[in-house]
Amino acid sequence: MGEVIAFYILALIIVLGALAVVTGRNLFHCGLSLAAVLLAVAGLFILNGAEFLAWVQVLIYVGAVLVIILYAIMLSENITGERILLISQNRGVGFAAATLVFALIAFLGISLSGLLAGHTSSVKDPVLALLEGADSNVIVFGTLLLTRYILPFEFASVFLVIALIGALVIARTAE
Amino acid sequence: MNDQELEQKIKENWGDGIVSLRPSLNGLEVRVTPNIFKEFARWLAADQEMEFNYLRCLSTVDWVQEQEIEVVYHLFSLRHRHHLVLKVRVPRKEPQLPTVSDIWATANWHEREAYDLMGVFFVGHPDLRRLFLPPGFEGHPLRKDYIHDIERFDDEFAEKIRRGEIQ
Amino acid sequence: MMDREKLVGSVGVGEQTIRTETMEVSMGPQHPSTHGVLRVVLKVDGEWIVEADPDLGYLHRSFEKLGELRTYPQGIFLTDRWDYVSAMNNNWVYCLAVEKLLGLQVPEKAEWIRVLISEMQRIASHLVFMGTYGLDVGALTPFFYCFREREKILDLFEEICGARLTYNFYRIGGVSRDVPRGWLDKVEALCDYLIPRLDELDDLLTNNKVFLARTVGIGVIPPEMAISYGLSGPMIRGSGIPYDLRKVAPYSVYDQIEFDVVTHDGGDCWSRTWVRSQEMRQSIRIVRQCIEKLRQMPEPTFDDPYGPSTHVMAKVPPKPKPKPNDVYVAIESPRGELGVYMVSDGSEKPYRMKIRGPAFVNLSVLPAIAPGHKVADLVAIVGNVDIVMGEVDR
Amino acid sequence: MEIGLSHYLILSGLLFAIGIYGILTRRNAIALLMCVELMLNAVNINLVAINRFLQPDWRIMTGQIFAAFVIVLAAAEACVGFALVIAIYRNLNRINVDEINLLKW
Amino acid sequence: MTLTEISRAIARFLGFDPPTDQAAAQVILALIDALLIFGFLMLGVLVLIYVFRKIVGFIQARLGPRYTGPRGILQTLADALKLLRKEDIIPRAADRIAFNLAPLMVFLPAYLVYIVIPFGDPETGLVVRDLNVGVLYLLSISSVTVIGIVTAGWASANKWSLLGGMRSGAQLISYEVPMTLVFAVPVLLAGSLRLSDIVRAQGEFFWQWNAFRLDFFPFTLLAFITFLICALAETNQTPFDLPEAESELVAGFHVEYSGFKFAIFFLAEFGNTIAISAIATHLFLGGWKAPFPFLPDSGFWSLGWFFFKVSLLVLLIIWIRGTLLRVRIDQVMELGWKVLLPIGLICVTGVGLLVSIRPSPTEQAKQKVAVVSECPVSLQKDDGPFRWCRTHGRT
């Protein structure tokens, strides 16, 4: 019972927050509503048992990405003077595309979920042997990350370093 | 160098321009005419023997009876440890004097203060504007004939601020 | 759609640095770190200072005009308000100027008392500097220690002249009261008390690692600039030039006192702070010599309990009228060369009295050394000049 | 009334649609990048939901690990994207997407 | 007498005896837990502010508050009431919503951090929810304060507070990186993110605690010191209190706030100080363990030891705050990136290598923990909101 209530509350926050981000007039308020959406998504992860992922999401998204967004807003809007007025253009096209995509996904979702409900993937994973005693999501996540998905893990670290250097080169002021 | 040698040296080089040379409470006192004043000051600072590289104080005195403003420079040489008082008199109507802020940088603010309070205009000063009093202020308070009319001053000043002439 | 020239023209093709507009910021006059009411108009590019222009006059009471409207003895009461952190030295320079105009000989005991009081005032003033400079740089604790020591000095001043800030203890021709009995022992006790306290203060502030990080290499003044800008006191001695009026042009009885002039050739904020803290120790040395001298002098004869005792006051007419003459007299105040140029015209009032304030001249170097530093450093530099607005604005 | 997979799919679909609407209508570069973040989050919800409902053995969490890598990617993308935005702003003093259409200025 | 039993007793006292299985009861019990923690936080901050003033006064050769109540005890209460009564000014040009939201965003993380921190031995239930992602939770929650501070700076629409907000935001972010690395060291030693496991992994004798361990000697001590420095920077304490640098930016991001909102900022700052010292005790100073095995540290004794260590650390912070002076912003950044980050990396790699050579801590952790650390009674038996994850064998 609790889970249903929690899901609907979080879903409501996500949808309202997303709408606020998309249609907000004050850029800073869009940033804050994005923060609400991200936290609500983290809540959903907890509901689905992915605790580690939830707190990683909070740490990286809310703690870092959103701060970059806020700094970008502050650096690009002059402090006093006119407020940040955002006027969206060609709403019609946007609205049409959005409903089209939503219809597509919803249709797929409903039909597929019915179809797939019966068939659960039975792939056996050799790593399972390693995870005998594990009792918490974190330990399993950690072992899997370093055994089964070691390659993407290493690639991710290299990828992040490249992004870091790229950002520095672009944004540095010519000393 | 003691005062006599100084007096001797000045007499040789600057016979005509010197108005008077007399010992005073602060050592030798030299009075010069405004037109040779700049070269004389530069010579005092540049000459190796005397090397007056330290301007201790720049003061202005308003002699109302003689209708003249006297600018007094107290100089000192850090190496030779001797003093000199340099005086120049300029007419009171429009007191003009070449600046010495290029020789002694301390003169920059001293001259601005003299201009602000006494009205002496220093030609060639890099940034001659009032130092203490607000920019829109009229008159130079330290002059003997300066009358400070409290009422007129306050209303006028308030008016100016309202018109935005003074921030 | 923007037309191309306007867009391209405005940006300038080819290598263009990223434009950050300079922001004009006014620091003061109500800024907590400017001592008194100094306003500095700053042009700031991000964190860096491009231009600093002090805007003075907020505390301008035109003492020079007032000086012309007061008789000589009345003028002494004005002098306390110039540099209100070391009021004794203001009194002294004014009285010295009038005595020189009158050609007056001050009794020897008065001279020694004057030197003793002035050196104690120097210690008190430097303590104020160390305390407030610590606040500027962010250290809250030294402030309390410095003011606790200064209180002890002020108590001694209160005993001898009844006041703690505006003393007007000096008179033309001597000092207003002789030294009360037992006062010299208290001063000696104070000297013994102060030495360990000054070492403690050094550990707390001057040699503090973080303080070094905040002040070494900040606000560097080369010797030639110091001379050209006519700096004096710890500002010029901090750049390595031993210019101290007590040695260069000894006045009063300073020629009979041996002490050494403290200099440091670092030229930055830290060396000036170090010079001031070492000077305090030299002043204690001088005070001890004065105490020995004063102990040999005749005891005060309190024949007239209210009038000045004969040992410390020369014969002076109530309204002295010096002959027309002009004189420039300067003494070594804690901030530097405090001078008075006085012109007399034979009447009982000075014709003209020009005050040469050391802090005023020392502050004039700020526009030259501030650019290139950061805003946080500017606070350290202005604090280091040890300005007192009463004397800067006159 | 149980929460099934379809609930999650509809929710992430809706979020994704809002993201697309945002990208198409927003003219400010920063708001645009924010909408990209929205879409990435929609993907994450999907991944985690499918992994939970269609994988009985909770210890096989491929969906969650995939979502983790999506978050890493999003962080890197945001970091570079906003560096670009700030650099553009510094030179052109405006970050209106329609006006930044010159390849070299 | 676990925390949840206390809250159930309060619930019974309030006149309704909730059958423990309904989710509604669960929520109410959680609510009572929250109030208990909030009460502790308020009390702790009140005591801390009073002690802070008294000690800094003592350091600065003065007396500190003396008139409000005996020896000035009620001083903080008086301050709180004063702040509550003060007029709550909102600048006209301020962005109203963000302006009001910012204090909340700064206070919430300081408050939520206490969910995971065990106040004593979890067996006696002195913890709200002993999450098995404990340390990660602490990190992510503390990274949310940056947003609050930046919003406060931006929303008050004044040049100086914006500069202050951006400066302290930059400082917090650049100190989060070394902090994360240093958090990893105790986790590596304990083999789990759960705070209670980390404490249990530390030995009985005080020289076996993480800070003074001799087997990993240079790294763990280095990690402890780096953690303290980062903690000072994270909570904007001296010598890193740039944002409120009175002499430069005139009180940084909260210059426009007054009255109750300013009190919240103040509360958050001191709440963070207590939280940071609590985390430091758990990760490095053996949580609720007594320095010697023969000293009693089960039940309420563990509470005693825990508070003793926290107060020691808080006193250390206050002492530093009383003596050191402020560092310039670029020196703060330099220290953060060029000194603490490498040290953090060295610590993690060092401990990582040593751990991989020695028998892996997970086995050690297993032998030691005979019974699976059960979470509070209420969650165990009945159906809570997290029914799904429990039926899948996850606690």
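The structure presented is a predicted model; accordingly, all values stated were derived computationally and were not measured. Protein chains get the first letters and strands the later ones, always in sequence-line order, with residue 1 at the start of each.
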Given D:Ile86 and A:Tyr71, is the side chain to side chain contact (heavy atoms under 4.5 Å, CB included) satisfied, shown in steps?
CA-CA 9 Å; D:Ile86 294 172; A:Tyr71 265 75; 5.8 Å; no

Using the side chain to side chain contact (heavy atoms under 4.5 Å, CB included) rule, take A:Ile105 and D:Leu9 through it: C-alpha gap first, then chi angles, then the decisive distance, then the call.
CA-CA 8 Å; A:Ile105 294 175; D:Leu9 290 180; 5.6 Å; no

Check the pair A:Leu38, D:Glu37 against side chain to side chain contact (heavy atoms under 4.5 Å, CB included), reporting the backbone distance first and the verdict last.
CA-CA 9 Å; A:Leu38 296 176; D:Glu37 300 300 332; 5.5 Å; no

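Two residues are said to be in side-chain contact when any heavy atoms from C-beta on lie closer than 4.5 Å; D:Phe16 and A:Phe102 fail this criterion. The shortest distance between side-chain heavy atoms of A:Thr99 and D:Tyr21 does not fall below 4.5 Å. No side-chain heavy atom of A:Phe95 sits under 4.5 Å from any side-chain heavy atom of D:Thr25.
With chain A as partner, the option from D:Ile10, D:Leu84, D:Leu14 having the largest number of non-hydrogen pairs under 4.5 angstrom is D:Leu14. When each of A:Phe159, A:Phe52, A:Phe155, A:Tyr61 is checked for heavy-atom pairs under 4.5 Å with chain D, A:Tyr61 comes out on top. The greatest number of non-hydrogen atom pairs below 4.5 Å with chain D, out of A:Ala64, A:Ala167, A:Ala103, A:Gly31, is found for A:Ala167. Across D:Leu38, D:Ile65, D:Ile71, the residue that shares the most heavy-atom pairs under 4.5 angstrom with chain A is D:Ile65. Comparing A:Val169, A:Leu66, A:Leu100, A:Val65 by how many heavy-atom pairs each has under 4.5 Å with chain D, the most go to A:Val65. Ranked by heavy-atom pairs under 4.5 Å with chain D, the first of A:Leu168, A:Val101, A:Ile69, A:Leu160 is A:Ile69. Contacts with chain D were tallied for A:Leu104, A:Val41, A:Val56, A:Ile162; A:Val41 has the most, counting heavy-atom pairs under 4.5 Å.
Contact annotation for A:Phe141: both backbone and side-chain heavy atoms come within less than 4.5 Å of a heavy atom of chain D. Both the backbone and the side chain of A:Ala18 come within less than 4.5 Å of a heavy atom of chain D. D:Glu77 does not touch chain A: none of its heavy atoms, backbone or side chain, sits under 4.5 Å away. At a 4.5 Å heavy-atom cutoff, the contact between A:Leu145 and chain D is made by backbone and side-chain atoms alike. With a 4.5 Å cut-off on non-hydrogen atoms, D:Leu15 touches chain A through its side chain but not through its backbone. Only the side chain of D:Leu11 comes within less than 4.5 Å of a heavy atom in chain A; its backbone stays farther off. Looking at D:Asn51, neither its backbone nor its side chain comes within 4.5 Å of chain A, counting heavy atoms on both sides. Both the backbone and the side chain of A:Val15 come within contact range of chain D, each with at least one heavy atom under 4.5 Å from a heavy atom of that chain. Contact of A:Leu34 with chain D is made through the side chain alone, with heavy-atom distances under 4.5 Å.
A donor-acceptor pair shorter than 3.5 Å can be found between the side chains of D:Asn41 and A:Gln57.
Aromatic ring centres of D:Phe66 and A:Tyr149 lie farther apart than the 6.0 Å criterion allows.
Considering all non-hydrogen atoms of both residues, A:Phe45 and D:Asn44 come closest at CZ-CB, 3.6 Å. Contact detail for D:Arg52 and A:Leu47: the closest heavy-atom pair is NH1-O, 4.0 Å. Here the shortest heavy-atom pairing between D:Phe69 and A:Ala156 reads CE2-CB, 3.8 Å. Closest approach of D:Ile20 and A:Ala97 over heavy atoms only: CG2-CB, 4.4 Å. Residues D:Gln64 and A:Leu53 approach most closely at O-CD1, 3.5 Å, considering heavy atoms. Taking each heavy atom of A:Ile170 and D:Ala87 in turn, the nearest pair found is CG2-CB, 3.7 Å.
Counted within 6.0 Å of CZ on A:Phe153, heavy atoms from surrounding residues, nucleotides or ligands total 12 or fewer; the atom is thus considered open.
Side-chain atoms of D:Arg26 come within 3.5 Å of backbone atoms of A:Val22 as a donor-acceptor pair (strictly under, hydrogens ignored).
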